[in-house]
Amino acid sequence: MLPEEGAVSSDEDCSGGEIDVQDLQPKDEERDLKDQLLRRFGSHISNLKLEFSKKKKKGKLPREARQLLFEWWNAHYNLVAIVLEADKIALAEMTGLDQRQINNWFINQRKRHWKPSENMQYALMDNFSGQYFTDD
């Protein structure tokens, strides 16, 4: 037989909303533990928050850094599509950016602006046709 709606079962507390002292102890213990952890690791947490907030920032690179990258690009883009690691390291030191930022800037720049020269297009086509059509 099912109990009627609103009926109190024998398992339910009929105390009328009073709070047991036992119910408070885990909350006090949790609060104490939280306070201890914050005292011990609070500075580490603050440093991590600061580091993560820096990584979340998206936007334009500093104007001076972009200018240096554009200057390098304009001097070299007709010659190479891929930037040498030594050049990336030098550019990172000159601009104050990290290598990941340099890599991403060049990836974006190639996608947006680089077109292979006619000579490079013919060389690429010759390489592809040589792979598939050989004169035997």
Side-chain angles (χ1 to χ4, degrees):
M1 184 171 200
L2 295 173
E4 291 183 28
E5 193 173 323
V8 178
S9 71
S10 59
D11 295 347
E12 291 181 288
D13 185 22
C14 299
S15 63
E18 296 173 8
I19 299 174
D20 240 353
V21 175
Q22 292 174 346
D23 291 340
L24 287 179
Q25 287 176 347
K27 291 179 184 178
D28 289 339
E29 288 174 7
E30 288 174 11
R31 190 175 301 121
D32 288 343
L33 179 60
K34 181 180 176 182
D35 291 341
Q36 288 174 3
L37 290 171
L38 281 174
R39 279 193 300 275
R40 186 165 180 190
F41 299 108
S43 63
H44 299 292
I45 292 170
S46 297
N47 290 338
L48 287 172
K49 283 181 182 178
L50 180 62
E51 186 176 330
F52 287 135
S53 70
K54 286 180 183 177
K55 289 183 180 181
K56 287 181 191 175
K57 290 182 183 176
K58 291 187 177 184
K60 293 183 178 180
L61 299 176
R63 183 183 315 188
E64 298 81 18
R66 284 190 321 233
Q67 185 62 38
L68 285 169
L69 292 171
F70 276 122
E71 289 171 9
W72 191 98
W73 175 262
N74 289 329
H76 296 91
Y77 83 96
N78 284 330
L79 304 173
V80 293
I82 305 298
V83 184
L84 299 174
E85 288 302 312
D87 290 330
K88 291 178 187 176
I89 292 169
L91 286 166
E93 289 174 5
M94 288 178 3
T95 60
L97 303 174
D98 62 37
Q99 267 195 286
R100 180 183 51 81
Q101 290 172 302
I102 300 288
N103 286 336
N104 288 342
W105 189 88
F106 277 107
I107 289 168
N108 291 332
Q109 191 68 6
R110 279 191 299 272
K111 285 180 180 177
R112 293 174 185 151
H113 304 288
W114 183 71
K115 304 261 188 294
S117 66
E118 277 188 37
N119 293 339
M120 189 177 291
Q121 288 175 355
Y122 291 131
L124 288 172
M125 289 189 323
D126 287 344
N127 284 341
F128 284 131
S129 64
Q131 290 176 358
Y132 299 108
F133 304 107
T134 57
D135 295 331
D136 289 327

Parallel, tilted or perpendicular, as decided by the 30° and 60° cut-offs, for the rings of H44 and F41: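 Judged by the thresholds at 30° and 60°, the geometry between F41 and H44 is tilted.
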
Going by atom type alone, with no hydrogens or angles, which donor-acceptor pairs under 3.5 Å involve a side-chain atom of residues 61-69 and a protein atom two or more places apart or on another chain?
unit_1	atom_1	unit_2	atom_2	d
R66	NH1	L61	O	3.1
Q67	NE2	E71	OE2	3.4

Close side-chain approach of F106 to L91, heavy-atom, < 4.5 Å: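 Yes; the side chains approach each other to less than 4.5 Å.
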
Check: L33 and E29 side chains under 4.5 Å, non-hydrogen atoms: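 In short, these two side chains do not touch, never coming nearer than 4.5 Å.
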
F70-V83 co-clustered via ILVMFWY side chain contacts under 4.5 Å: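 Same cluster: F70 reaches V83 through Ile, Leu, Val, Met, Phe, Trp or Tyr contacts under 4.5 Å.
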
W105 reachable from I107 in the ILVMFWY side-chain graph, under 4.5 Å edges: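 No, I107 does not connect to W105 through the hydrophobic network.
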
Which pairs would a plain distance check flag for residues 97-104, meaning a side-chain donor or acceptor within less than 3.5 Å of a matching protein atom at least two apart in sequence or in another chain?
unit_1	atom_1	unit_2	atom_2	d
D98	OD1	R100	N	3.2
D98	OD1	Q101	N	2.9
Q99	NE2	E85	OE1	3.3
Q101	OE1	D98	N	2.9
N103	OD1	K88	NZ	2.9
N103	ND2	Q99	O	3.4
N104	ND2	R100	O	3.4

